[in-house]
Chemist: 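Here it is: the structure, laid out below.
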Amino acid sequence: MSRFAYVNGRFVRYGSATVHIEDRGYQFADGVYEVIALAGGKFVDLDLHLQRLDRSLSELRIERPMSDRALTFVLDNLAKRNGIRNGSVYLQITRGVAPRDFVFPRDAVPQVVAVARRAKPIAQTAIEDGVKAITIPDIRWARCDIKSVALLPAALGKQAAREAGAYEAWQYDRDGFITEGTSSNAWIVTPDGDLVTRPATNAILNGITRLVVIELAKAAGLRFVERPFSIKEAHAAREAFVTSTTSFVMPITQIDETPIGNGKPGSFTRELREKYMAHMAEIAGAAAGTWKWA
Ligand code: PMP
């Protein structure tokens, strides 16, 4: 765990890092966040994260409190102060502190906090054997494209997954189409060999890992199709996996009680995971195959 956190312009001891009780993030989930991976002391796809942060802020009409340069300096400094080279930083920006009122306060100052986290090792068995996902109804709001701190449905979904012995919960919309995981994007490979993920509309968060994996898949010449897919199609898929900043490319070999394909991670999944790990290794300045997350 972090020794130091960043709170509104200061590095403070983690144990005494606090915000005001009338922070609108606390009362209304009126704020946004980003999680950015660190590999070998370097941020992974930082520009894409900062662009998405900008978009989330402007969709909520929260003024950007710091320049990209200042933010990068703070996050880098935070990682270094905590001695973290492989892991992630969590950055949260809320609209500010004001007496509780739904209407936007006129002169609230956005609150900026950040914590750094050491990499959690990913079990080798999870990568080699794949993990399980369950399917649950998507009970979130209509603007899942905004990376807001309103994460109660995600917490409920992830808890349901854990209680079912699963790694992730894939959420489905009213028409029975998968939207995404609680903290990851969902992908399948059809029996015909199409790599499929849902288009980045308001129904999902456009994952940075998703964007990078799309580029890797195209460069590898895989047949990539962006379209919604149903629960039924997911159960009948040849392969399935999720992507996220901290899971990278994680094979899903069981959805609900149905084994996916032959129950082992498939060739598309393995290829894309290797390519994504090589992308991280390159950022870390290490030779592919030598760099380790934990
Ligand atoms: N979807 C949701 C709902 C998420 O919370 C996340 C991770 N925060 C993702 C997808 C994956 O996004 P990224 O690849 O940027 O981590």
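Keep in mind the model is a prediction, meaning the values are calculated, not measured.
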Chemist: For the residue pair Tyr26 and Val19, establish whether any side-chain heavy-atom pair is separated by less than 4.5 Å.
Modeler: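 No, every pair of side-chain atoms sits at 4.5 Å or beyond.
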
Chemist: Ion pair present between Arg52 and Asp54, side-chain N to carboxylate O less than 4.0 angstrom?
Modeler: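 Salt bridge absent between Arg52 and Asp54.
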
Chemist: Which residue, Arg273, Glu271, Arg270, forms the side chain to side chain contact (heavy atoms under 4.5 Å, CB included) with Val249?
Modeler: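 When side chain to side chain contact (heavy atoms under 4.5 Å, CB included) is applied between Val249 and each of Arg273, Glu271, Arg270, only Arg273 qualifies.
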
Chemist: May I ask you to say whether Arg223 pairs ionically with Asp192, meaning some side-chain N is under 4.0 Å from a carboxylate O?
Modeler: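 Looking at Asp192 together with Arg223, the answer is no, because their closest N to O distance does not fall below 4.0 Å.
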
Chemist: Could you tell me whether a side-chain N or O of Glu22 sits under 3.5 Å from a main-chain N or O of Arg100, the two making a donor and an acceptor?
Modeler: yes

Chemist: Can you confirm whether the side chains of Thr182 and Lys158 place a donor and an acceptor under 3.5 Å from each other?
Modeler: yes

Chemist: Hey, does Arg69 have a side-chain heavy atom less than 4.5 Å from the side chain of Thr72?
Modeler: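 Sidechains of Arg69 and Thr72: no contact.
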
Chemist: Does a salt bridge link Arg95 with Glu63, judged by any charged N lying under 4.0 Å from a carboxylate O?
Modeler: no

Chemist: Please say which of Gln27, His20, Arg24 ends up in a side chain to side chain contact (heavy atoms under 4.5 Å, CB included) with Val97.
Modeler: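 Of Gln27, His20, Arg24, side chain to side chain contact (heavy atoms under 4.5 Å, CB included) with Val97 is met by His20 alone.
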
Chemist: So does Asp129 get a backbone contact from the side chain of Thr253, meaning a donor-acceptor N/O pair under 3.5 Å?
Modeler: yes

Chemist: So, does Asn8 use its side chain to make a donor-acceptor pair with the main chain of Val112 at under 3.5 Å?
Modeler: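 Such a contact is found between Asn8 side chain and Val112 backbone.
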
Chemist: Does the distance from a Lys or Arg side-chain N to an Asp or Glu carboxylate O, for Lys147 and Glu34, drop under 4.0 Å?
Modeler: no

Chemist: Within a strict 4.5 Å, meaning less than it, do heavy atoms of the Glu180 and Cys144 side chains meet?
Modeler: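 A side-chain contact exists here, since the closest heavy-atom pair is under 4.5 Å.
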
Chemist: Under a 3.5 Å distance rule, please check whether Arg140 uses its side chain to pair with a backbone N or O of Ala154 as donor and acceptor.
Modeler: no

Chemist: Any heavy-atom pair between the side chains of Tyr6 and Leu75 that's under 4.5 Å?
Modeler: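 Heavy-atom side-chain distance check fails, nothing below 4.5 Å.
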
Chemist: Looking only at atom types and distance, does a side-chain atom of Gln254 sit under 3.5 Å from a main-chain N or O of Asp256, one as donor and one as acceptor?
Modeler: yes

Chemist: Would you say Ile146 and Val32 make side-chain contact, with heavy atoms under 4.5 Å?
Modeler: yes

Chemist: Could you list the donor-acceptor pairs under 3.5 angstrom formed between side-chain atoms of residues 281-294 and any protein atom two or more places apart in sequence or on another chain?
Modeler:
unit_1, atom_1, unit_2, atom_2, d
Thr290, OG1, Ala287, N, 3.3
Thr290, OG1, Ala287, O, 2.5
Trp291, NE1, Asn86, OD1, 3.2
Trp293, NE1, Lys120, O, 3.2

Chemist: With heavy-atom distances below 4.5 Å as the criterion, would you say the side chains of Met277 and Phe248 are in contact?
Modeler: yes

Chemist: Answer yes if the side chains of Tyr276 and Thr243 hold a donor-acceptor pair under 3.5 Å, and no otherwise.
Modeler: no

Chemist: Using modelled atom types and a 3.5 Å cut-off, is there a donor and acceptor pairing between side-chain atoms of Glu168 and backbone atoms of Ser183?
Modeler: yes

Chemist: In Å, rounded to the nearest 0.5 Å, how long is the span from CG of Leu195 to CZ of Phe241?
Modeler: 5.0 Å

Chemist: Compare all side-chain heavy atoms of Asp45 with those of His279 and state whether any distance is below 4.5 angstrom.
Modeler: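 Sidechains of His279 and Asp45: in contact.
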
Chemist: Which pairs pass side-chain hydrogen bond (donor to acceptor under 3.5 Å, both in side chains) with one or both residues in residues 198-209, sequence neighbours excluded?
Modeler: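 Non-adjacent pairs meeting side-chain hydrogen bond (donor to acceptor under 3.5 Å, both in side chains): Asp173-Arg198, Asn206-Arg210.
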
Chemist: Is it true that Lys132 and Glu257 have a side-chain N and a carboxylate O under 4.0 angstrom from each other?
Modeler: yes

Chemist: Is a side-chain donor or acceptor of Arg162 paired with a backbone partner of Ala166 at a separation under 3.5 angstrom?
Modeler: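 Answer holds: yes.
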
Chemist: Checking Asn185 side chain against Gly207 main chain: does a donor-acceptor pair fall under 3.5 Å?
Modeler: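 It does hold such a pair.
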
Chemist: Nearest heavy-atom pair of Ala108 and Gly96: which atoms, and what distance?
Modeler: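 Heavy atoms of Ala108 and Gly96 come nearest at CB-CA, 4.1 Å.
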
Chemist: Is a donor on one side and an acceptor on the other found under 3.5 Å between the side chain of Arg143 and the backbone of Asp145?
Modeler: no

Chemist: Can any side-chain N or O of Asn262 pair as donor or acceptor with the backbone N or O of Lys264 at less than 3.5 Å?
Modeler: yes

Chemist: Tell me, do Ile36 and Leu46 make a side-chain contact under 4.5 Å, heavy atoms counted?
Modeler: yes

